[in-house]
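Read through the structure below, which is laid out as structure tokens, and then see the notes.
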Amino acid sequence: MDPAKKARRLIWILLAIIVGAGIIWYAVFTAAKPAPVEPQAAPDAQLVREDSHRVTSPATEKAQLVEFLDFECEACRAAEPLVAELKKEFGDQITFIHRYFPIPSHKNSGQAALAVEAAAQQGKYEQMYAKMFETQPQWGEKQDFQNALFRTFAEELGLDMEKYDAAMAAEETKERIRKDIADGKALGVSGTPTFFLNGEKLTLNTEAEFRQKLADAVK
């Protein structure tokens, strides 16, 4: 089977079996000493905030597609090639927005989100985002913390490492991710990837259905 077709088939298999059980919480870790933090549901939950990462900037916006994602989630990685295609196809009409939603069963997902946000503070959000999914087979499912590896990614991107380290440790960076999780939790997100199109939580069964929903949104 063609690898691309195989990957797309995996997307829908993985999306179909995603089940969120129990209360979603998030553990934020520093490189030296892990410290779990449980965010509460946001009383003023917002699907999109001023600081949310907008990865397309249409001149005339006809719709918004918000994705809650986890960098250690295999389904998110499997879906990424399709989402990239959709961005190229609809990015001039739809604003694609990413929000963090690391799942607690993924030991390094919180750290990965911190690393991506630390890179974002130096204008390298999309580069670190891509790096995390490209390298997920290397660090995903590990039972030890991968901060040292993530730091090498930052070095490869040419980041100011003093600023990167400070951002990784900063409470403001951790709070930025907690806020995304709290919003997602309040909005009913229980697994990743979860998509909202113009405020409507999508239930997707096929790639064709996903593409058609976006096409209908821009008519």
Side-chain angles (χ1 to χ4, degrees), residues 10-11 14-15 17-42 51-53 55 66-81 83 97-121 124-154 157 164-165 167-196:
L10 283 173
I11 292 172
L14 289 166
L15 288 174
I17 63 175
I18 290 172
V19 177
I23 298 175
I24 298 298
W25 54 273
Y26 168 61
V28 173
F29 299 99
T30 64
K33 184 177 180 182
V37 179
E38 182 175 348
Q40 302 299 312
D51 61 357
S52 295
H53 292 296
V55 294
V66 180
E67 177 183 4
F68 284 84
L69 57 87
D70 174 337
F71 293 106
E72 196 170 351
C73 168
E74 293 181 357
C76 291
R77 181 172 185 265
E80 178 54 25
V83 175
I97 300 161
H98 293 166
R99 302 202 66 182
Y100 303 111
F101 201 79
I103 301 298
S105 60
H106 294 156
K107 192 178 185 84
N108 282 287
S109 60
Q111 291 176 316
L114 279 175
V116 172
E117 184 57 26
Q121 292 178 22
K124 297 285 187 177
Y125 170 79
E126 292 191 56
Q127 293 89 332
M128 186 66 95
Y129 167 96
K131 189 73 171 177
M132 286 299 177
F133 281 130
E134 288 168 5
T135 62
Q136 188 194 90
Q138 179 181 352
W139 58 267
E141 305 297 331
K142 298 288 187 183
Q143 294 308 303
D144 55 333
F145 297 110
Q146 299 293 303
N147 280 355
L149 177 63
F150 298 158
R151 196 174 190 278
T152 68
F153 298 163
L157 292 177
Y164 172 84
D165 291 337
M168 286 289 289
E171 188 63 25
E172 291 82 358
T173 311
K174 298 172 186 178
E175 184 58 30
R176 167 71 176 74
I177 296 167
R178 290 191 192 106
K179 188 177 293 184
D180 273 12
I181 299 165
D183 279 348
K185 180 179 174 181
L187 293 164
V189 176
S190 59
T192 54
T194 294
F195 296 93
F196 290 83

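Note that this is a predicted model, so its numbers are computed, not measured.
Atom CD1 of residue Ile97 and atom CZ of residue Phe195 lie 12.5 Å apart, to the nearest 0.5 angstrom. Here the straight-line distance linking atom CZ of Phe71 with atom NE2 of His98 works out to 8.0 Å at 0.5 Å rounding. Between Gln111 atom CD and Leu149 atom CG the span is 10.5 Å, to the nearest 0.5 Å.
Partners of Asn108 according to the side chain to side chain donor-acceptor pair (under 3.5 Å) rule, which considers only residues two or more places apart in sequence or in another chain, do not exist here. Residues meeting the salt bridge (Lys or Arg N to Asp or Glu O under 4.0 Å) test with Glu175, sequence neighbours left out: Arg178.
Distance alone, capped at 3.5 Å, places no donor-acceptor pair between the Glu72 side chain and the Pro102 backbone. Checking side-chain atoms of Thr173 against main-chain N and O of Ala167 turns up a donor-acceptor pair under 3.5 Å. Of the possible donor and acceptor atoms, none in the side chain of Asp70 sits under 3.5 Å from a partner among the backbone N and O of Thr192.
Note on residues 133-152: pairs passing salt bridge (Lys or Arg N to Asp or Glu O under 4.0 Å), not counting sequence neighbours, are Arg151-Glu155, Arg151-Asp165.
Nearest approach of Phe68 to Gly184, heavy atoms of both residues: CE2-CA, 3.5 Å. Of all the heavy atoms in Leu157 and Lys124, the pair that sits closest is O-CE, 3.8 Å. Nearest heavy-atom pair across Glu117 and Ile177 is CB-CD1, 4.4 Å. Pro193 and Glu67 get closest at one heavy-atom pair: CB-OE2, 3.5 Å. Of all non-hydrogen atoms in Ala115 and Met132, the two that sit nearest each other are CB-CE, 3.6 Å. Listed here is the closest heavy atom pair of Ser52 and Arg99: OG-NE, 3.7 Å.
Between Asp183 and Lys179 there is no salt bridge, since no side-chain nitrogen of the basic residue lies less than 4.0 Å from a carboxylate oxygen of the acidic one.
Judged purely by distance below 3.5 Å, without hydrogens or angles, the side chains of Glu126 and His53 never pair a donor atom with an acceptor atom.
Side-chain contact between Gln136 and Glu74 is present, with at least one heavy-atom pair separated by less than 4.5 Å. Counting only heavy atoms from C-beta outward, the side chains of Tyr129 and Val55 never approach each other to under 4.5 Å.
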| query | Given Asp180 and Phe101, is the side-chain contact (heavy atoms from CB on, under 4.5 Å) satisfied, shown in steps? | reply | CA-CA 7 Å; Asp180 273 12; Phe101 201 79; over 6 Å; no
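Aromatic ring pairs are classed by plane angle as parallel below 30°, tilted from 30° to 60° and perpendicular above 60°; the pair Phe150 and Phe153 is tilted.
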